[in-house]
2 protein chains.
Amino acid sequence: MTEPTAPHAAPSSGPGKKPGRAGKSHATIYDIAKVAGVNPSTVSRALSKPGRVSAKTQKLIEEAAAGLDYQVNPFARALPTGRTNTFGLIVADITNPTFFDIIRGAETTATGRDYTLVLAESAESPATELTAARRLMATVDGLILASPRMDDDNIRALALAKPVVVINREVEGIPCVVPDVNKGIGEAVRSMASNGHRKVAYVAGPPQSWMSERRWEGVQAACEWSRLEAVRLESSKPTVDGGRQTARDVRASGATAVLTYNDLLAIGLMQELQAAGIVVPDQISIVGFDDIFGADFTTPPLTTVRSPLGECGEAAAGRLLDLLGGSGEAAGTLRVETELVLRGSSGRFVA
Amino acid sequence: MTEPTAPHAAPSSGPGKKPGRAGKSHATIYDIAKVAGVNPSTVSRALSKPGRVSAKTQKLIEEAAAGLDYQVNPFARALPTGRTNTFGLIVADITNPTFFDIIRGAETTATGRDYTLVLAESAESPATELTAARRLMATVDGLILASPRMDDDNIRALALAKPVVVINREVEGIPCVVPDVNKGIGEAVRSMASNGHRKVAYVAGPPQSWMSERRWEGVQAACEWSRLEAVRLESSKPTVDGGRQTARDVRASGATAVLTYNDLLAIGLMQELQAAGIVVPDQISIVGFDDIFGADFTTPPLTTVRSPLGECGEAAAGRLLDLLGGSGEAAGTLRVETELVLRGSSGRFVA
DNA sequence: CACTGTTTGTCAACCGGTTGCCATGAATTG
DNA sequence: CAATTCATGGCAACCGGTTGACAAACAGTG
């Protein structure tokens with residue numbers, strides 16, 4: 001290679017032969033430069049590096065840009081810089097309403113800070129999750145993983161390339177946002193104790209769920225403190241159907257109060273118990289987890305430990321954006337409070 | 001200056017300062033070209049234009065690419081071509097569970113066809129919606145608008161630039177996916193008639209909702225056919241709260257069967273009526289619309305006209321992708337069937 | 001063997017911003 | 001008033017693919 005010729009310097013006298021792009025071709029910084037009578041690079045600086053050009057030129061350029069209805073081409077910008085003003089959110093299951101609040105929270109913060117949200121799901125599969133993550137990595141500035149199912153190591157590997165924030169799980173060395181279950185569970189168990197219950201069952205979630213374990217630990221601790229007996233039951237899947245299926249085990253356990261891994265399980269369980277003629281909460285108290293949309297549609301409305309999922313989504317997006325902006329902690333867990341929402345499905349044991 | 005020297009070629013003995021991009025710098029087609037012993041453009045063609053290069057070279061290049069763990073830089077590709085393998089979905093309200101299924105359907109088809117979904121919401125505001133749409137337009141290949149609130153003209157203007165598909169509304173000249181309410185409403189009203197109801201109330205949705213009008217028309221037509229009286233009531237907002245507020249009007253109307261614009265209204269209405277001691281369905285039958293998540297959590301579970309929203313999302317994404325791929329109709333409405341889901345909130349009038 | 005038609009690969013000009021380096025002229029200072 | 005900063009704008013080389021134009025290689029005919 002001997003003679004590096006300037007590509008744009010060619011005598012492009014031809015008529016404005018707009019390449020490809022359908023519809024109206026947008027104005028470029030070159031157009032602005034022509035109108036404002038300055039060099040394209042000056043336009044670029046005026047538009048992206050505040051203070052780098054004089055106030056006078058700045059104004060000139062801004063007016064020209066406004067006049068031409070200019071808007072940057074994100075790809076042209078992303079190509080040399082690698083920045084896209086976009087971040088990805090991967091949720092374990094789009095079907096699960098738990099994630100809708102998270103999505104909403106993240107989306108709100110994103111658009112509020114002039115970022116775009118890209119959504120993907122893993123269908124509860126670690127492999128799919130990893131694939132999706134890798135795919136997104138190429139096009140986003142950062143990633144939020146909500147209830148990730150993949151290994152800690154994989155998460156850390158991803159975080160090497162771009163900032164990653166995790167929701168609903170704690171991963172060493174990664175910034176996380178996690179509801180602190182203790183307060184909410186404490187309130188729930190104390191309420192059970194004061195209502196005369198002696199034995200509490202916990203219906204667990206998926207084995208690979210980090211959060212399910214934390215909740216079980218929380219229940220054990222709170223029960224010990226309140227001198228209640230705690231038993232653990234398993235569920236096949238964390239859905240309404242899964243909840244129905246646990247009804248047998250719940251009855252067999254002899255517990256008079258039940259805490260479930262999530263609201264879906266609680267709702268299914270309640271439906272099944274009621275179908276069998278059991279009165280909730282008189283014979284069995286049921287407390288769910290998360291306070292998802294629809295938790296108060298049931299009769300009686302579901303008592304539940306609310307996780308502020310919307311806040312989690314917002315906080316995670318906020319942390320990620322701070323990280324991208326240069327401020328913010330590169331690791332550490334942010335804990336958000338949970339609280340008991342007392343509704344009708346729990347109460348005094350009257351059998 | 002006679003010798004244009006490459007600036008970076010200077011004695012850059014410093015540390016290999018990779019331009020921008022954090023982390024590992026990916027392999028490029030230039031690396032592949034070097035390994036395979038061909039020209040970069042040949043690599044490009046081998047990778048994007050099937051059949052343009054000989055089978056032998058093709059294989060050579062593919063092996064080199066695999067060996068280098070190559071993956072295209074989406075921005076570099078998007079810059080000259082304008083194609084991003086991404087499409088946008090704008091929903092009227094992320095809070096509203098109606099859209100959950102739509103989002104899920106669209107996301108599924110997107111990833112299935114190797115596209116990425118970008119999500120945005122309009123918060124029920126035509127202005128915000130238009131802003132979001134304009135913003136997304138720059139980065140996506142096409143757009144899906146779910147229950148758009150903006151003008152028909154604005155929608156058509158957007159569609160001039162890139163393919164647009166609309167869900168839950170019919171816009172002349174634009175491909176649309178719309179649940180055909182007639183079958184479902186017909187079933188609902190016939191069921192009411194056969195259960196001894198004589199007067200049916202329709203609780204309408206937001207005034208700017210195209211779909212609400214279609215549903216009202218459907219109710220009128222079906223009632224006429226079944227020789228029932230139909231009255232229309234307004235709601236303040238299409239939420240559970242809005243439903244509660246309509247209870248007064250519903251009772252005052254003297255109707256014994258109610259169809260609401262959506263399930264949220266129905267659920268709110270039912271809660272309020274039950275709180276006032278009215279027995280559902282014995283004294284008043286309630287039928288919602290959409291069959292959203294949670295519609296069966298209520299007691300009695302909600303009878304509702306199901307709109308296959310997941311299918312709508314899938315179908316819309318499918319049409320968009322077909323359009324982008326060159327096949328598919330550029331306009332016209334795809335109607336999907338609705339059906340009555342009989343649950344407990346409707347039944348024989350026994351007052 | 002010359003001659004035309006078709007593959008297949010190469011060259012180089014893009015797409016539209018970003019940014020390191022340098023020249024210019026104004027402002028500051030001794 | 002000369003010397004030295006310093007702020008400002010311009011030049012051109014990128015980022016990593018895509019693609020039109022063209023040449024070389026190859027095959028098929030007369």
Side-chain angles (χ1 to χ4, degrees), chain A residues 1-12 14 16-21 25-34 36-49 51-58 60-61 65 68 70-85 138, chain B residues 1 3-10 12 14 17-21 25-33 36-49 51-58 60-61 65 70-85 138-139:
Chain A
M1 219 176 273
T2 38
E3 269 211 26
T5 22
H8 289 294
S12 64
K17 193 204 82 181
K18 291 298 162 1
R21 208 80 76 277
S25 51
H26 275 141
T28 72
I29 56 169
Y30 296 92
D31 300 326
I32 299 179
K34 214 173 294 170
V38 297
N39 189 283
S41 57
T42 306
V43 176
S44 171
R45 282 198 262 265
L47 264 31
S48 49
K49 299 237 174 358
R52 180 57 173 72
V53 303
S54 69
K56 215 176 55 188
T57 332
Q58 178 83 31
L60 203 63
I61 290 174
L68 290 169
Y70 169 80
Q71 51 187 78
V72 294
N73 179 325
F75 308 118
R77 172 171 287 173
L79 190 45
T81 62
R83 301 214 42 186
T84 63
N85 263 48
Chain B
M1 201 158 277
E3 270 209 29
T5 22
H8 289 297
S12 66
K17 200 202 74 179
K18 289 292 172 343
R21 210 81 75 277
S25 48
H26 275 139
T28 71
I29 55 169
Y30 296 91
D31 300 325
I32 299 179
V38 297
N39 190 283
S41 55
T42 306
V43 176
S44 171
R45 283 199 254 267
L47 264 31
S48 49
K49 299 236 175 358
R52 179 59 171 71
V53 302
S54 68
K56 214 177 54 187
T57 334
Q58 178 83 30
L60 203 62
I61 290 174
Y70 168 82
Q71 51 186 78
V72 294
N73 179 326
F75 309 118
R77 173 171 286 173
L79 190 46
T81 61
R83 301 215 42 186
T84 63
N85 264 49
T139 53

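Not measured: the values here are computed from a predicted model. Heavy-atom basis, side chains included; hydrogens, waters and symmetry copies ignored. Chain letters run A, B, ... following the sequence lines, proteins first, then strands; residues in each count from 1.
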Between atom [atom1] in [X] and atom [atom2] in [N], what is the gap in whole Å?
{"X": "Ile29(B)", "N": "dC14(C)", "atom1": "CD1", "atom2": "C1'", "result": "14 Å"}
{"X": "Asn85(A)", "N": "dT18(C)", "atom1": "CG", "atom2": "P", "result": "11 Å"}
{"X": "Tyr30(B)", "N": "dC15(D)", "atom1": "OH", "atom2": "P", "result": "9 Å"}
{"X": "Arg77(B)", "N": "dT19(D)", "atom1": "CZ", "atom2": "C1'", "result": "13 Å"}
{"X": "Leu79(A)", "N": "dG16(C)", "atom1": "CG", "atom2": "P", "result": "12 Å"}
{"X": "Ile32(A)", "N": "dG17(C)", "atom1": "CD1", "atom2": "C1'", "result": "11 Å"}
{"X": "Asn73(A)", "N": "dG16(C)", "atom1": "CG", "atom2": "P", "result": "7 Å"}
{"X": "Ile61(A)", "N": "dG17(C)", "atom1": "CD1", "atom2": "P", "result": "13 Å"}

On a heavy-atom basis, the closest approach of Tyr70(A) and Leu47(A) is CE2-CD2, 3.7 Å

Looking only at non-hydrogen atoms, find the nearest pair between Gln58(B) and Ala46(B) and report the distance.
NE2-O, 3.0 Å

To the nearest 10 degrees, what angle separates the axes at the start and end of the helix from dC1(C)-dG30(D) to dG30(C)-dC1(D), five pairs each?
40°

Classify Thr28(B) by what it touches in the nucleic acid, base, sugar-phosphate, or nothing, heavy-atom distance under 4.0 Å.
sugar-phosphate

Have a look at Phe75(A) and say if it touches a base, only the backbone sugar-phosphate, or nothing, with a 4.0 Å heavy-atom cut-off.
nothing

Pairing residues for Thr84(A) by the side-chain contact (heavy atoms from CB on, under 4.5 Å) criterion, not counting sequence neighbours:
Ala78(A), Thr86(A), Asp141(A), Phe75(B)

Give me, pair by pair, the N or O atoms of the protein and of nucleotides 8-11 of chain D that are less than 3.5 Å apart, along with how far apart they are.
unit_1	atom_1	unit_2	atom_2	d
dG9(D)	OP1	Ser54(A)	OG	3.0
dG9(D)	OP1	Thr57(A)	OG1	2.2
dG9(D)	OP2	Ser54(A)	N	3.1
dG9(D)	OP2	Thr57(A)	OG1	3.4
dG9(D)	N7	Arg52(A)	NH1	3.2
dG9(D)	O6	Arg52(A)	NH2	2.9
dG10(D)	OP2	Asn39(A)	N	2.6
dG10(D)	OP2	Thr42(A)	OG1	2.7
dG10(D)	N7	Arg45(A)	NH2	3.2
dG10(D)	O6	Arg45(A)	NH2	2.3
dC11(D)	OP2	Asn39(A)	ND2	2.8
dC11(D)	N4	Ser41(A)	OG	3.1

The test is side-chain contact (heavy atoms from CB on, under 4.5 Å); show your working for Thr28(A) and Leu68(A) and say whether it passes.
CA-CA 9 Å; Thr28(A) 72; Leu68(A) 290 169; over 6 Å; no

Just the table, please: protein N/O against nucleotides 24-28 of chain D N/O, every pair under 3.5 Å.
none

Cut-off 3.5 Å, no hydrogens considered: what does the side-chain donor-acceptor table look like for residues 36-45 of chain A, sequence neighbours left out?
unit_1	atom_1	unit_2	atom_2	d
Asn39(A)	OD1	Ser41(A)	N	2.8
Asn39(A)	OD1	Ser41(A)	OG	2.8

Report yes if the side chains of Ile29(B) and Val72(B) come closer than 4.5 Å at any heavy-atom pair, otherwise no.
no

Would you say a side-chain N or O of Lys49(B) is under 4.0 Å from OP1 or OP2 of dT19(D)?
yes

Please name all residues satisfying side chain to side chain donor-acceptor pair (under 3.5 Å) with Thr57(B), sequence neighbours left out, ordered by chain then number.
Ser54(B)

